[in-house]
Number of protein chains: 2
Amino acid sequence: MNETAKKPRGRPRAYEPQVALRQATGAFWKSGYAATSLDDITAATGMNRPSLRAAFGDKRAIYLQALAGYWELQLVATRKALDGDHALETALMRVYDAALAIYFSGDGPARGCFVVGTAITEAVDDPEVRRSVMDGFRTLDTRFEARLRRARDSGELGSDTDPTALALLATATLHTLALRARAGTSRKDLRTLASKAVGVICG
Amino acid sequence: MNETAKKPRGRPRAYEPQVALRQATGAFWKSGYAATSLDDITAATGMNRPSLRAAFGDKRAIYLQALAGYWELQLVATRKALDGDHALETALMRVYDAALAIYFSGDGPARGCFVVGTAITEAVDDPEVRRSVMDGFRTLDTRFEARLRRARDSGELGSDTDPTALALLATATLHTLALRARAGTSRKDLRTLASKAVGVICG
DNA sequence: ATGTTTCCATACGCAACGGTACAAAATGAA
DNA sequence: TTCATTTTGTACCGTTGCGTATGGAAACAT
């Protein structure tokens, strides 16, 4: 493992940027973009305001980086869940279980999906946020569709099925999980919901 | 039509409360609860701040009334769409068309669903909002399930279908429409999405 | 040691926010 | 006309928010 050549000139920074960004993400995740103050973020990260600004920029810049990091997390989890040679039902449930693990992460009440809980609200006024959400959704659709098409080609699904249509329902299931988690539905209930949805999608 | 006995004592109010509440709803709808200031609401309604307070209470009270009014609108529209003796496919599409009419109402870019765009964010910190969202979601599930059960009993759906599972997908479709509308997907694309989903749900 | 560089930490300025006090205006009642 | 009642409209108060200026601290280089 390369120690990344530790030879900065001045005073060493007291906080790991990557860790701090994750903590800032947690602050936004709980109360949304607008209701989260920089004081909330300093409290969550332990960084003071000038350091925060130097490291990430202003509040919106911090949020955009948090959003990008969350998509990375979510999409990597989805990819991992879909990869491998699991049966279609298993693969889909792996996606939903991975999502639930994220939606119910952290202390306190479930925060659901970071995108659904924080970015969707801002999407109307902020074009960059809107684009990020749109791209992420599209990627999810594509991933699901690829997997479903593979299932159809391998005979796991009937040849009369429509991978595009089923992919939309697979994403829709993810969306409803995201919303309901934040609305207070229990993890157990959401898992049975996902399981029912998978049952229908897989025929 | 009863004119509701117009005999108030003092100076007449300059604005119709019901209209003002709808205008306030529009303000919250665009930018969310936290990012909407009372100045925004006074601008939207034409009312000044003290009148606003006298009529509806503080900012949170205004929002809660807006939320209740929106659920009323949404649930009435859903009921109307499902009522009558339309074929199942038609009935479901009527629901989604009604929803899209709401999601794409107003000027400017689509604001999606008011609940999804504004209440979901607040649901974690505000128990009353959370309860409102939960109740609304549950009502939607129940309505869909009742209609699907009716379809199964009447032979419109196969006797081996699960109305509960299909109802979850019907609600999930509504949820994905709500999210995607706010993320910028076109109304036309969303309608074909809904149509594909209906195709799968109805077998 | 001394200087240079980089980052931390306190404190400040200014604008925006939510809420309210107070006086003027508009009506019905007497 | 005069009084009582209700709403309007302006102006204000205390708080919070974001961003930044300024001085001190911790490292490396010479």
Side-chain angles (χ1 to χ4, degrees), chain A residues 3-21 23-25 27-67 118 121-122 125-126 128-129, chain B residues 3-21 23-25 27-67 118 121-122 125-126 128-129:
Chain A
E3 268 298 323
T4 61
K6 49 166 73 175
K7 281 179 102 175
R9 266 277 277 168
R11 176 174 176 171
R13 60 180 58 160
Y15 305 96
E16 211 60 48
Q18 198 137 348
V19 174
L21 185 58
Q23 290 163 330
T25 302
F28 284 127
W29 204 339
K30 177 170 181 292
S31 307
Y33 172 74
T36 301
S37 68
L38 284 184
D39 282 341
D40 292 333
I41 301 179
T42 61
T45 58
M47 296 171 69
N48 48 39
R49 213 177 319 231
S51 299
L52 215 46
R53 175 154 190 86
F56 304 111
D58 66 3
K59 180 182 168 183
R60 178 165 173 274
I62 301 174
Y63 177 75
L64 289 174
Q65 290 167 72
L67 180 57
T118 74
T121 302
E122 309 304 319
D125 288 327
D126 191 322
E128 201 156 342
V129 171
Chain B
E3 268 296 326
T4 59
K6 50 164 74 172
K7 280 178 104 176
R9 270 274 276 166
R11 175 172 175 171
R13 58 181 59 161
Y15 304 96
E16 211 60 46
Q18 198 138 350
V19 175
L21 185 58
Q23 290 163 330
T25 302
F28 284 126
W29 203 339
K30 177 171 181 294
S31 306
Y33 172 74
T36 302
S37 69
L38 283 184
D39 283 341
D40 293 333
I41 300 180
T42 61
T45 59
M47 296 170 70
N48 49 39
R49 216 179 315 228
S51 300
L52 216 47
R53 174 154 190 84
F56 304 111
D58 66 3
K59 180 183 169 183
R60 179 165 172 272
I62 301 174
Y63 177 75
L64 289 175
Q65 291 169 69
L67 181 57
T118 73
T121 302
E122 309 304 319
D125 287 329
D126 191 322
E128 200 155 344
V129 171

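For the numbers below, each heavy atom of this structure counts, side chains included, while hydrogens, waters and symmetry mates do not. Naming convention: chains lettered A, B, ... in sequence-line order (proteins, then strands); numbering from 1 in each chain.
Looking at I41(A) and Q23(A), their side chains never come closer than 4.5 Å, going by heavy atoms from C-beta outward. No side-chain heavy atom of T36(A) sits under 4.5 Å from any side-chain heavy atom of W29(A).
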A correct 5'-to-3' footprint of nucleotides 8-19 of chain D, with B, S and - meaning base, sugar-phosphate only and no protein heavy atom under 4.0 Å, is SBB------SBB
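Applying the side chain to side chain donor-acceptor pair (under 3.5 Å) criterion to Y63(B), with sequence neighbours excluded, gives T118(B). Remark: A54(A) engages no residue in a side-chain contact (heavy atoms from CB on, under 4.5 Å) (not counting sequence neighbours). By the side chain to side chain donor-acceptor pair (under 3.5 Å) test, S31(B) pairs with D125(A), sequence neighbours left out.
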Which donor-acceptor pairs under 3.5 Å do side chains of residues 10-21 of chain A form with protein atoms, sequence neighbours excluded?
unit_1	atom_1	unit_2	atom_2	d
Y15(A)	OH	G46(A)	O	2.9

Run the salt bridge (Lys or Arg N to Asp or Glu O under 4.0 Å) check on K30(B) and D40(B) step by step: do they pass?
-> CA-CA 11 Å; K30(B) 177 171 181 294; D40(B) 293 333; over 6 Å; no
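In this structure, K59(A) satisfies the cation-pi test against Y33(A), with its NZ or CZ atom closer than 6.0 Å to the six-membered ring centre and inside 45 degrees of the ring normal.
Overall, the helix from dA1(C)-dT30(D) to dA30(C)-dT1(D) carries an axis bend of 10° between its ends, with five pairs at each end and the value rounded to 10°.
Summarising the geometry, the separation between CZ on R9(A) and C1' on dT4(C) is reported as 5 Å, rounded to the nearest angstrom.
Mapping Y33(B) and G10(B) onto DNA chain C via the closest heavy atom, the residue that lands nearer the 5' end is Y33(B).
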